[in-house]
Structure formats: structure tokens, C-alpha cells
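Inspection log for the structure reproduced underneath, given as C-alpha cells.
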Amino acid sequence: MDIFLIGLIAATLRVATPLILGTLGELFCERAGILNLGIEGIMFFGAFVGFVVAGASGSLWLGVLAAILAGALAGLLMAFLAVQLGVNQHVSGLGITLLLTGFSLFSFRLVFGEPRVPPSIDPFSRLSPLGETPILGPIFEQYALTYIALAIVPLVWWALYRTSFGLQIRAVGENPEAADAAGVSVYRVRYAALMIGSGLMGAAGAFLSLAQLGAFTYGIIAGRGWVCIALIIFGNWEPIKVLWGALLFGGVFALQLRLQTSGLQLPYEVFLALPYLVTIAALTVAGRNASYPAALLKPYKRE
Amino acid sequence: MGLKIERVPAPVWVRPLIPIIAVVVTFILTAVLVVWAGANPLEAYYHFLIAPLSSRMSVLEILVKATPLLLTGAAVTFAFSSGYWNIGAEGQLYAGAVAAAWLGTLLGGLPSFAAIPLMIVGGFAAGMLWALTPALLRVKLSVDEVVTTLLLNTVVLFVISFLLNGPWRDPVSGWPQSPQIAESTVFFKLIPRSRVHVGLIVAAITLIVVWFIMSRAALGLRMRAAGLGQNAARFAGVNVERTMLAAALISGGIAGIAGVGEVAGIHFHLIEGISPGYGYTGIIIATLSGLDPLGVALAALFIGLIDTGAQTVSRALGVPAYLGDVVQAALLLTTLGMFVLQNYRVTLVRGEKRA
């Protein structure tokens, strides 16, 4: 296998990591019946909080933990609005994205002032558990968070389909009235799903600032949250299929990075836009047979 | 301890107070940030809300800020009222800005009275064009428009970056900005010694047309029917798909006009950060207005005040101007909550009882 392909596969896994984490996070929310459009802002907030905490404490892992907690806190707010009060999920989710983006930028100014170059940090180093093994060695030279993200996929599948908590999540996302009649606390399950899911989104953001970039920039998320929303539909709300979607997008993204330097006579913006256009195309193909969770977007009111 | 929630609608006299209560709650919540920034909240809110109203220049600046917001607010209101979730006003605004930058260098030979309307029509068409793909995917293939409009907001930024770093790069300065638009295509000033330009009149007229369509025209009636419930609307003989398509395209066009105003009235070339999120702010405005065009006017002026006030606070007290963004988003969430809470009485209960 040539060096180009090996590099491409390795980069795909790297680029896909925040998408896997973000998409699994959104999956928790949506399977419980809540569309969380706060994802873009929560990832931004996670990237920021993780960066600041890691910088202040000197521990990258503490930064990741803080990003997860920050995400869960944002999930709590989303749950209060969308579950407790039952307000419109589109608008409240976007509101949370705007709030957390504004809050992160406000805090950034207070902490870092107006630096000429984005502040940076010594990022996570990559692990190479397979050492110098040909082909697999360089492919699996990845950040610990990438391995964690890959391991979480089957874990989420197991949690959703093989545990009673997962059954409760799916029940409140499909038929909250029946779940309630069966003694499941719809509110409590939805709160939990939103907090767990948003915590994963926070981790996705921290991966970008603490591993992939080692810096915090204003454009660090650049629509990745919206891509995650699309990947869910593409993956038909199934954890394993969603993983393929994330790898596909990661692959296109990694490929465009390489095409930019390949000497192809096209403006680099064409390549930058490519993953987003591919996502829309994929939605068009897959979206027709999308089977949305039946109670998605419907607030549950126990009268 | 838990929350006990009962359905008890608020008395009628409370309803007009809801926006005011939401504003007060928002300012109490965001006071924490002001204190963190080392300023006195009361002093900050003086600079935020009162000081901008006390000088001629800043009052006029509120009108300048409100001009694109009136349009994006109207655009979002128009789409949302038909049940089409157009989150793409930001991208459609940029599409209109691109059209204005292009036409602005092309129509130099025409007199103003011909060039300016053509700029507006061009911006409307560009906004419509950018809204067309998600709208068609939605009505023909039922692809979720929220996702596609959001993704296209990111794509448009790459288009702009391509134009400004490639074919449109200013040949004189070498900066990533398009060549200056011709004199005759510039939106003339309404008020001397200010930045208030004719775009404000365009926005006002647009808002009146939107009000007319929504409340007096057959399309508006069909839109409202589709927005209230698609199946019921279909049963009543409304072609929901065509209605949504019309609402989506007109909405995109209106957002496109906002982009024309920013290029032709403020910057005179296309630059990368031409909108600090006016399209998303349009969603805030539409929500605050309760999807009512008159409410859009009030909300756009109020958000214009917050935008201007954020600059004033930043200059006077050194509080980062991003406070304005936080206040707007918090106001949105508080208002959403208030709309619901007005129908309920919430009481804290101690012990085992739960809602």
C-alpha cells in the first residue's frame, strides 16, 4: 500500500474523531426525542473550556474532563428549555449555540485579550501502539481520544440496545406517552440523554483545541456541528451507520487537504467546500428513507 | 425538592409585560459577566441602553444597525410562519452581497435611479438562488431544510474567500476585498453626517410588503395554514409544497437585499466579515416578534440598540463588546421561556412531590 493511501487513512481517522464524538452525542439527544441544535456552540464551548482549563492546570486530560462537564452543563440548560418548558427545539438549540459562542468569545477576550496569533498549547501526542509494523503502524499512530471515540461507538450501541437505560431513551424518543404509562420518567431520561450527549459534544470540541490544533481559534468548529446533525440523518440514527458517515466525511476532508497540495489547478476553497457539499449530496440520497424518531421535536407535556 | 407546574394562564394584562420581564431577567443574568469584566453592572447598563439614546450620532447608528436586521428578521419571519425552517438567512445575505459587489462594478454607466433598483433586484435574485437548493430538496425529496441551510451558510464563506483571494482581489490595494462599486450604485445617505442610507427605506417598504402578504394576501393565508399543520392545510386544499417553496424563496430574496444594503450602503466593496451574524440575529428577532412584522420592526430596533450599546460599553468600561451577543442570545432564550411560562404557574415544592 502506498504512502499516500496510508496517510489518507490515518488522517481520516483523525479528522473523523470530533465528528464521531459529536454525532454520538447528538444521537443520544435525538433518540430521546430532542433535536439539539446547540451542538455547534457546545463544541465551541468545549474547545474553549478545555483549552483554558488545560492551560491553567497544565493537565490536558483535566481540560478534556472540564470540556465534558461544560458540555453536560449546556445540556442541562437545553433540557430545561426543551424538556421542562417544552419550547421550540429549533430556536432554543440555535439560541444555545449563539449564547455559548458569544460567551466563549467574551471570555476569550477577558482571558487572552486580543492576541495577534491564536494562543497555543502543547497538544496531546500521538500513540503508536503498533510501533513500526508496516501499514498498520502508521495508520494507528493516533491520539488517545481517537481510540476512545472508536471504542465509544460499540459502547453506545450496547447502551442503546442492550441496557434498560437505552430502552428508556428509545422509548421516550418514540412514544413518550407509552413510556410514561410504563413508569418511565420521560423528563428524567431526556435530561440524562441531553447531558450525556452534550458532554460528548464538549469532548469533541476539546479534541480540536487540545489534540488536532493545539490552539484555540474563532473558526475552530467551522460548521462541524451542523455536519454531525446531517450525519445522524445519513446514518439513520444507528450508532454503527453513523460511524461510517463520520468516516466518509472525514475521508473527504482528509482527501481535500491532500488534493490542495497535489498541484491540481483548482482554487483551494473548492476543496474546503467539498466535504459540506458531499454531506448535502449524501443527505439527498439517504434522507428520503430517513426514519426520524417518532417523538423528535415534540415536547412532552404531562397534563 | 422539585418544581410543581400547573396550567394557569396569566391574566391578560400581563401579556404585554412579557418582553419587558424578559429584558429585565436577561440583564440580571448577564450582570455576572459585567462584574467578571470588572465593571459595575448599573453603570454598564447605563452605557448599554441609555447612553446610545442620548447622542444624535449613536441614535442614528442604531438605525444603521437595524437596517440589515429588519430585513433578516422579516426574511426569517416569512419562512418560519409557513413552517419552513430557513436557518440560512446568513448565507442568503452573503449571496446578495456578492450580487451587489458584482452589479456595483457593472452598472456604473446607469444613473442612480435605475442602478439602485437593479442592485436590489439582483440581490433579491441571488438570495433566492442560494435558497433554491435547500427549498427544492425539502419540497421534492423531503430533505431536512434545517441541516442543508446551515451547511450552505458555511459553504458561502468559502465562495466569498475564493472570490476575494482570486478573481475579485482589489487590483489597487491587493487586499482581499472586491473593487469599489460605482458611484451611481451607492445607496445614498438619508441623513447627512451619518451612515443612515436609503437601505433603511428599502427595509421599511419590504417589511410593509411582508406584512401585507402575511395578513392580506392569499399566499399569506396558505402559508399560515401550512405553518399551523401540513395535513390540515392539505385537507383544506392548500398545495403545501408550492406554498413552502414560495415562502422559502421570498425569504431568501429578502435576506439577499440585506446583503445589498451592507455592500452598497456601508462598505462599498465586498469584504469577508460583512455580516457579524445578521442572519442568525434574524432568527432572534423573528422569535422576539412572535412572527409578527410589526414586532420585527420593534425587535430589530431593540437589537440595534443592544449592538450599538455593546460598542459603547466596550469603549467606556472595557467590557468586551461580545457582551452584546451574549445578551441577545440570553434574551432569546428568556423570551422563549416566558412565552411558555405565561401559561403556567411554577411553584417550588419541598419534599417528595414532583411535577
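The sequence lines fix the lettering, A, B, ..., with proteins before strands; numbering per chain opens at 1.
If you take OG1 on T154(B) and CG on L272(A), they are separated by 11.5 Å, rounding to the nearest 0.5 Å. The distance from the CE atom of M78(A) to the CG atom of L333(B) is 9.5 Å, given to the nearest 0.5 Å. Rounding to the nearest 0.5 Å places OH of Y322(B) at 11.0 Å from OG1 of T101(A). Remark: E269(A) CD to I160(B) CD1 distance equals 11.0 Å, nearest 0.5 Å.
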Exercise. Taking it one step at a time, do L152(B) and W226(A) satisfy side chain to side chain contact (heavy atoms under 4.5 Å, CB included)?
Worked result: CA-CA 10 Å; L152(B) 285 177; W226(A) 311 138; over 6 Å; no

For this session: List the steps and the verdict of side chain to side chain contact (heavy atoms under 4.5 Å, CB included) for L277(A) and V155(B).
Result: CA-CA 8 Å; L277(A) 298 175; V155(B) 172; 4.2 Å; yes

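Side-chain contact check for L94(A) versus L332(B): every heavy-atom pair is 4.5 Å or farther apart.
Looking at I96(A), both its backbone and its side chain come within 4.5 Å of chain B, counting heavy atoms on both sides. Interface remark: L81(A) contributes side-chain atoms only to the contact with chain B (heavy atom separation under 4.5 Å). For a residue to count as touching a neighbouring chain, one of its non-hydrogen atoms must lie under 4.5 Å from one of that chain's; by this rule F108(A) does not touch chain B. With a threshold of 4.5 angstrom between heavy atoms, V270(A) does not approach chain B through any atom at all. With a 4.5 Å cut-off on non-hydrogen atoms, S185(A) does not touch chain B at all. Neither the backbone nor the side chain of F339(B) comes within less than 4.5 Å of any heavy atom of chain A.
Closest heavy-atom contact between A273(A) and F158(B): CA-CD1, 3.7 Å. Pairing each heavy atom of G95(A) with each of A329(B), the nearest pair is O-CB, 3.8 Å. Annotation for A230(A) and V147(B): closest pair CB-CG1, 3.3 Å, computed over non-hydrogen atoms. Contact detail for T284(A) and V143(B): the closest heavy-atom pair is CA-CG2, 3.9 Å. In terms of heavy-atom proximity, V326(B) sits nearest to L99(A) at O-CD1, 3.7 Å.
Within residues 31-40 of chain B, the residues approaching chain A closer than 4.5 Å by heavy atoms are, in numerical order, L33(B), W36(B), A37(B). Listed by sequence position, Y280(B), I283(B), I284(B), T287(B) are the residues of residues 279-287 of chain B in contact with chain A, using a 4.5 angstrom heavy-atom cutoff.
The only option from D325(B), V319(B), T30(B) that meets the side-chain contact (heavy atoms from CB on, under 4.5 Å) definition with F106(A) turns out to be V319(B).
Across L137(B), N165(B), L150(B), N153(B), the residue that shares the most heavy-atom pairs under 4.5 angstrom with chain A is L150(B). With chain B as the partner, the residue from T279(A), I229(A), L77(A), N88(A) showing the most heavy-atom pairs under 4.5 Å is N88(A).
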